[in-house]
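What you see below is based on every heavy atom in this structure, not just the backbone, and it leaves out hydrogens, waters and symmetry mates.
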Amino acid sequence: MRAKEKGKEGWLLNLTAPSYVPFMRYADSRSLRETMYREYMSVGNKGDEYDNKEIIRRIVNIRLEIARLMGYPTYAEYALKHTMAKTPTTVYLLLNQLLEAYKPVAINEYNAVQGFALGSEKENITVMPWDWNYYSEKLKDIRFDVNDEMTRPYFELGNVKKVFSDSPHSYMASPSKKIKKFPSTIWKSMLTKYMMPTANSFPYFIPISIRATGNSRAPG
């Protein structure tokens, strides 16, 4: 569809999630996966007009200034003061505990994917970041006979709406007016608002089925 809109043959890919994620998961060309991965990882870091390094540097320095004005040596200590963790030390304690718990499992998973890749390619291959989704998806399909395409029908917009209408609180979920004033250059579909119950109020829940154009990202 995107290629046709541009008057080109074949497939036209970009770095938005609906394009990038499936490509990295299913594309057989390792060289193209590497190209896509390196492009994705260098977004905002190419020294051009879209480079974000200077913006990030300014944000970090301003945060440090705010923290010091409030009497804290670092922004982390300032930001965590009124949270459950309270201090950076507590955060790192939790992270290290998690690391101890999941590292052995992660190593086993990596070894399984690495072994599968070696067996599949019949050559000495080292699984790289641009290979992980591709080989792990194939391994999952063989081990469990399940893939994303099998579950996709359950998340079709009409089925998602039906879940809300069939829920115990369906009497509280009522469709409201459609939103018509939205940037037409970005979004190509209408949004339907729903009133959903919470303990104290009725915020909007908005199921969205939108195709993004250009370099925009489409929420789903």
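- Every residue meeting the side chain to side chain contact (heavy atoms under 4.5 Å, CB included) condition with Ala79, not counting sequence neighbours, appears here in chain and number order: Tyr75.
- Put simply, CE on Met24 and CG on Leu13 are 11.0 Å apart, with the number rounded to the nearest 0.5 Å.
- Side-chain atoms of Glu121 and Tyr135, non-hydrogen and from C-beta on, do get closer than 4.5 Å to each other.
- Across all their heavy atoms, Pro22 and Ala17 have their closest contact at CD-O, 3.4 Å.
- Cluster annotation: Tyr110 is connected to Ile142 through the hydrophobic network of ILVMFWY side chains, with a link wherever side-chain heavy atoms come within less than 4.5 Å.
- Here the closest non-hydrogen pair linking Arg68 and Pro73 is NE-O, 4.1 Å.
- The pair Arg58-Glu65 does not meet the salt-bridge criterion, since no charged nitrogen lies less than 4.0 angstrom from a carboxylate oxygen.
- Using a 4.5 Å heavy-atom cutoff, the side chains of Leu95 and Tyr92 are in contact.
- Nearest approach of Tyr40 to Leu15, heavy atoms of both residues: CE1-O, 3.5 Å.
- Between Leu80 and Ala85, the shortest heavy-atom distance links the atoms CD2-CB, 4.4 Å.
- Counting heavy atoms from C-beta outward, Asn133 and Tyr26 have side chains that stay 4.5 Å or more apart.
- The structure places CD of Glu54 at 11.0 Å from CG of Asn52, a figure rounded to the nearest 0.5 Å.
- Two residues are said to be in side-chain contact when any heavy atoms from C-beta on lie closer than 4.5 Å; Asn45 and Asp51 meet this criterion.
- Under a hydrophobic clustering in which Ile, Leu, Val, Met, Phe, Trp and Tyr are joined whenever their side-chain heavy atoms come within less than 4.5 Å, directly or via other members, Leu93 and Leu99 fall into different clusters.
- Atom CZ in Phe23 sits 15.0 Å away from atom OH in Tyr37 (nearest 0.5 Å).
- Although no hydrogens or angles enter the test, the distance criterion places a donor-acceptor pair under 3.5 Å between the side chain of Gln114 and the main chain of Ile125.
- The CZ atom of Phe116 sits 15.0 Å away from atom CG of Asn111, with the distance rounded to the nearest 0.5 Å.
- Trp132 and Trp130 are members of different hydrophobic clusters when ILVMFWY side chains are connected at heavy-atom separations under 4.5 Å.
- In this structure the side chain of Lys46 reaches within 4.5 angstrom of the side chain of Glu39, judged on heavy atoms.
- Between Lys140 and Glu137 there is a side-chain heavy-atom pair separated by less than 4.5 Å.
- Between Glu34 and Arg30, none of the side-chain N atoms (NZ, or NE/NH1/NH2) sits under 4.0 Å from a carboxylate O, so this pair counts as no salt bridge.
- Around NZ of Lys53, the count of heavy atoms belonging to other residues, nucleotides or ligands within 6.0 Å exceeds 12.
- Listed for the Asp131 side chain is a donor-acceptor partner under 3.5 Å among the backbone atoms of Met128.
- In this structure, Leu64 is not a member of the same hydrophobic cluster as Ile59, with clusters built from ILVMFWY side-chain heavy atoms closer than 4.5 Å.
- With rounding to the nearest 0.5 Å, the separation of CE in Met36 from OG in Ser29 is 11.0 Å.
- Here the CD atom belonging to Glu123 is positioned 9.0 Å from the CG atom belonging to Leu118, to the nearest 0.5 angstrom.
- The shortest heavy-atom contact between Tyr78 and Met70 is CE1-CG, 3.7 Å.
- Tested against Thr87, the residues Thr83, Val91, Thr89 include a single side chain to side chain contact (heavy atoms under 4.5 Å, CB included) partner, Thr89.
- Note: the hydrophobic cluster containing Val43 does not contain Ile56 (ILVMFWY, side chain heavy atoms under 4.5 Å, direct or indirect links).
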